**Student:** 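Quick one: structure below, then a few questions.
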Amino acid sequence: MRVIVAGAGVAGLAAARGLLAAGHDVEVYEEAPGPRTAGGSVTLWPGSTAILDELGIGYANLGWRLETMESWTEDGRRLFTVDLTSAERRYGHPCVHVARRELVAALAGDLPVVYGAGVEHAVPERAEARLADGRTVRGDVLVGADGRRSAVRRALWGDDPATLSGWVTWQGFTTAPTSLTGERRAVMIAGRRELCGLIPAGGGRLLWWFDVQASPGGPFWKDDPDVVRRLRERFGGWADPVPTVLETMNEIDFFPHHRHTIPAIWGKGPTTLAGDAAHTMPPTMAQGANQALEDAWLLTRSIGGDLRAYERARARIARLRALLAGSEVTNRQRSYAGLFPDWMATRLHTASLRRFSSYLLTAS
């Protein structure tokens, strides 16, 4: 079949790679003038690294393999540790933390991506898209993988349904040596009104992020000229290596948290959605790239069949993930997880990976 893919992010590239391998004719159109490499890094759980393996992406040399995930209080007291190798042994694939630009580059490879040609309007019933340069392209199937401001979704749903949650993330890398940079553990630190995450990304890099409450025009918003000073004041007394991270901040990225209701049916006729276009959710649970890869994996198996079945299956999982992501900040702040032992945290985490994964559910 001839498949038109709008968007060359993780969802669009993974779908295109899988569809080409399945023998379909695929064209990818991307608004940006080149590969979309903005953003820090992402954690890929076993279902996602398994999908990369199926797509022919060698993750052994991609990113940094993680073995544990720890939760701390702001003064450095450990609440619990999740053994990520337990999930690796159970599902046969590791947890990997990888810079987003490296993941996009690996997925893009030699795919037929037309850059500087974003979709401005779509006709879902005809799998037709009008590009920014005035051309119109049509396929047997149209996949809107063009992000949170998707033109394909707008043709399907109308106005953008996403709203701000009241939380934002400030994120970046440090290459300064820290106690975690060469480790294979991720650390999440919960304060009473804020969060911090620290994860090694390989190549001497440590990803850091700070989650704080903010609203447009106020402190910690993207136009705040004093945001670095504010972050240093808010988090400066936290446990090592947070002070080192704060002192070495240079390039810093801003991500507001958006949420929206995820419908059971995303598309219409021969047109469907994937990735953030279908289910924008906050980054709290590290699920954006994972859900995009799972969308692509199941969509590849649904082209030529029932696209609505694909949407219903993925919507069930995305809804649960979005619900948990929305409550995760509150839960972490209460530090409730420190009340149960490490083995229980590991078991719950490993089970949740399967429950919220189309790939692992199907493969099990």
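All residue numbers refer to positions in the sequence shown, counting from 1. All values derive from a computational prediction rather than experimental measurement.
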**Student:** Taking the side chain from D75 and the backbone from R77, do they hold a donor-acceptor pair closer than 3.5 Å?
**Tutor:** yes

**Student:** Any side-chain to backbone donor/acceptor pair from R301 onto Y310? Under 3.5 Å, distance only.
**Tutor:** no

**Student:** With no hydrogens and no angle check, just 3.5 Å: does a side-chain donor-acceptor pair link W72 and E70?
**Tutor:** yes

**Student:** If only side-chain N and O atoms count, and only distance matters, is there a donor-acceptor pair under 3.5 Å linking T85 with R89?
**Tutor:** yes

**Student:** If every non-hydrogen atom of A127 is compared with every non-hydrogen atom of V141, which pair is closest and at what distance?
**Tutor:** CB-C, 3.9 Å

**Student:** Keeping E30 on the side-chain end and A32 on the backbone end, is there a donor-acceptor pair under 3.5 Å?
**Tutor:** yes

**Student:** With a 3.5 Å cut-off and no angle check, do the side chains of W297 and E54 form a donor-acceptor pair?
**Tutor:** yes

**Student:** Tell me if a side-chain donor or acceptor on S41 pairs with a main-chain N or O of A99 at a distance below 3.5 Å.
**Tutor:** no

**Student:** What pairs of residues pass the ring-ring contact (aromatic ring centres under 6.0 Å, His included) test when at least one of them lies in residues 213-247, not counting sequence neighbours?
**Tutor:** F210-F235, W221-F254, F235-W238

**Student:** I'd like to know if R230 pairs up with D224 as an ion pair, taking the criterion as any Lys NZ or Arg NE/NH1/NH2 lying under 4.0 Å from an Asp or Glu carboxylate oxygen.
**Tutor:** yes

**Student:** Hey, any chance W208 and V228 share a hydrophobic cluster, counting ILVMFWY side chains that come within less than 4.5 Å of each other, even indirectly?
**Tutor:** yes

**Student:** Answer yes or no: is there an ion pair linking R154 with D159, defined by an N-O contact shorter than 4.0 Å?
**Tutor:** no

**Student:** Mind running salt bridge (Lys or Arg N to Asp or Glu O under 4.0 Å) on R2 and E27 for me, showing each step along the way?
**Tutor:** CA-CA 8 Å; R2 185 167 187 244; E27 298 172 10; 2.6 Å; yes

**Student:** Hydrophobic clusters here meaning ILVMFWY residues chained together by side-chain heavy-atom distances under 4.5 Å, can you tell me if L198 and L66 are in one?
**Tutor:** no

**Student:** Run the salt bridge (Lys or Arg N to Asp or Glu O under 4.0 Å) check on D342 and R78 step by step: do they pass?
**Tutor:** CA-CA 11 Å; D342 293 356; R78 188 184 66 82; 3.1 Å; yes

**Student:** Is it the case that more than 12 heavy atoms not belonging to R347 sit under 6.0 Å from its CZ atom?
**Tutor:** no

**Student:** Apply side-chain hydrogen bond (donor to acceptor under 3.5 Å, both in side chains) to the pair T174 and T248, showing each step before the final yes or no.
**Tutor:** CA-CA 7 Å; T174 183; T248 58; 2.8 Å; yes

**Student:** Establish, from distance only, whether the side-chain atoms of T169 and H257 form a donor-acceptor pair under 3.5 Å.
**Tutor:** yes

**Student:** Distance check, rounded to the nearest 0.5 Å: T68 atom OG1 versus L84 atom CG?
**Tutor:** 6.5 Å

**Student:** Report yes if the side chains of L79 and T73 come closer than 4.5 Å at any heavy-atom pair, otherwise no.
**Tutor:** yes

**Student:** Indicate yes or no for a side-chain donor-acceptor contact from D306 to the backbone of A309 under 3.5 Å, with no hydrogens or angles considered.
**Tutor:** yes

**Student:** How about CZ on R101, more than 12 heavy atoms from neighbouring residues, nucleotides or ligands closer than 6.0 Å, or not?
**Tutor:** no

**Student:** Can you check whether L52 reaches L107 side chain to side chain, under 4.5 Å on heavy atoms?
**Tutor:** yes

**Student:** Please examine the side chains of I189 and L195, heavy atoms only from C-beta on, and report whether any two atoms are closer than 4.5 Å.
**Tutor:** no

**Student:** Taking all heavy atoms of A277 and all of G144, pick out the closest pair and write down the distance.
**Tutor:** CB-O, 3.5 Å

**Student:** Do side-chain atoms of T346 reach the backbone of D83 as a donor and acceptor pair under 3.5 angstrom?
**Tutor:** yes

**Student:** For R355, is the CZ atom crowded, meaning more than 12 foreign heavy atoms sit under 6.0 Å from it?
**Tutor:** no

**Student:** Should T163 and H260 be marked as a side chain to side chain contact (heavy atoms under 4.5 Å, CB included) after you check the CA-CA gap, both sets of side-chain angles, and the distance that decides it?
**Tutor:** CA-CA 6 Å; T163 58; H260 68 86; over 6 Å; no

**Student:** Closest approach of I57 and R17, non-hydrogen atoms and distance?
**Tutor:** CD1-NE, 3.9 Å

**Student:** How about E128: does its CD atom have over 12 heavy atoms from other parts shown lying under 6.0 Å from it?
**Tutor:** yes

**Student:** Would you say S179 and D240 are linked by a side-chain donor-acceptor pair, where the criterion is simply a distance under 3.5 Å?
**Tutor:** yes

**Student:** Between C95 and L44, does the side chain to side chain contact (heavy atoms under 4.5 Å, CB included) criterion hold? Intermediate values first, please.
**Tutor:** CA-CA 6 Å; C95 300; L44 300 179; over 6 Å; no

**Student:** Check whether any side-chain heavy atom of L353 sits under 4.5 Å from a side-chain heavy atom of Y91, and report yes or no.
**Tutor:** yes

**Student:** Just checking, is any N or O donor in the side chain of E311 or T272 under 3.5 Å from an acceptor N or O on the other one?
**Tutor:** yes

**Student:** In terms of hydrophobic clustering (I, L, V, M, F, W, Y; side-chain heavy atoms under 4.5 Å; direct or indirect links), are L299 and I265 co-clustered?
**Tutor:** no

**Student:** Walk me through whether E102 and R205 qualify under salt bridge (Lys or Arg N to Asp or Glu O under 4.0 Å).
**Tutor:** CA-CA 13 Å; E102 294 169 6; R205 297 165 299 181; 3.0 Å; yes

**Student:** Taking the side chain as everything from C-beta on, heavy atoms only, tell me whether L20 gets closer than 4.5 Å to L111.
**Tutor:** yes

**Student:** So that I can tick it off, tell me whether D160 and R153 are bridged by a salt bridge, with the cut-off set at under 4.0 angstrom between side-chain N and carboxylate O.
**Tutor:** yes

**Student:** Quick one: closest heavy-atom pair of A16 and V26, and the distance?
**Tutor:** CB-CG1, 3.8 Å

**Student:** Transitively linked via ILVMFWY side-chain contacts under 4.5 Å: I199 with L180?
**Tutor:** no

**Student:** Do K222 and V168 make a side-chain contact, defined as non-hydrogen atoms from C-beta onward lying under 4.5 Å apart?
**Tutor:** no

**Student:** Heavy-atom distance under 4.5 Å between the side chains of P94 and Y59, does that happen here?
**Tutor:** yes

**Student:** Identify the heavy atoms of A122 and L142 that sit nearest to each other, and give their distance.
**Tutor:** CB-CD2, 3.9 Å

**Student:** For the residue pair H279 and W266, is the inter-centroid distance of their aromatic rings smaller than 6.0 Å?
**Tutor:** yes

**Student:** Is a donor from one side chain sitting under 3.5 angstrom from an acceptor on the other, for H258 and T280?
**Tutor:** no

**Student:** Are H349 and W45 an aromatic pair, judged by ring center distance below 6.0 Å?
**Tutor:** yes

**Student:** Quick one: do V123 and V137 end up in the same hydrophobic cluster if we chain Ile, Leu, Val, Met, Phe, Trp and Tyr together by side-chain heavy atoms under 4.5 Å apart?
**Tutor:** no

**Student:** Looking at G139 and I4, what are the two nearest heavy atoms and their distance?
**Tutor:** N-CG1, 3.7 Å

**Student:** For L298, does its backbone N or O pair with a side-chain atom of S302 as donor and acceptor, under 3.5 Å?
**Tutor:** yes

**Student:** Could you verify whether a donor N or O on one side chain and an acceptor N or O on the other, from S48 and E294, lie under 3.5 Å apart?
**Tutor:** no

**Student:** For S358 and R314, which I'm curious about, is there any donor-acceptor pair between the side chains at under 3.5 Å?
**Tutor:** yes

**Student:** List the steps and the verdict of side chain to side chain contact (heavy atoms under 4.5 Å, CB included) for R36 and E31.
**Tutor:** CA-CA 9 Å; R36 291 165 53 185; E31 178 183 17; over 6 Å; no

**Student:** Decide salt bridge (Lys or Arg N to Asp or Glu O under 4.0 Å) for R65 and E88; before the verdict, give the C-alpha distance in whole Å, the side-chain angles of both, and the deciding distance to 0.1 Å.
**Tutor:** CA-CA 10 Å; R65 177 175 165 272; E88 180 177 345; 3.1 Å; yes

**Student:** Would you please test Q171 and I252 for side chain to side chain contact (heavy atoms under 4.5 Å, CB included) and show each step?
**Tutor:** CA-CA 6 Å; Q171 176 180 282; I252 179 171; over 6 Å; no

**Student:** Taking H24 for the side chain and M1 for the main chain, is one N or O donor matched with an acceptor at less than 3.5 Å?
**Tutor:** yes

**Student:** Do the non-hydrogen side-chain atoms of R126 and R138 ever get within less than 4.5 Å of each other?
**Tutor:** yes

**Student:** With no hydrogens and no angle check, is any side-chain donor or acceptor of D295 less than 3.5 Å from a backbone partner on A11?
**Tutor:** no

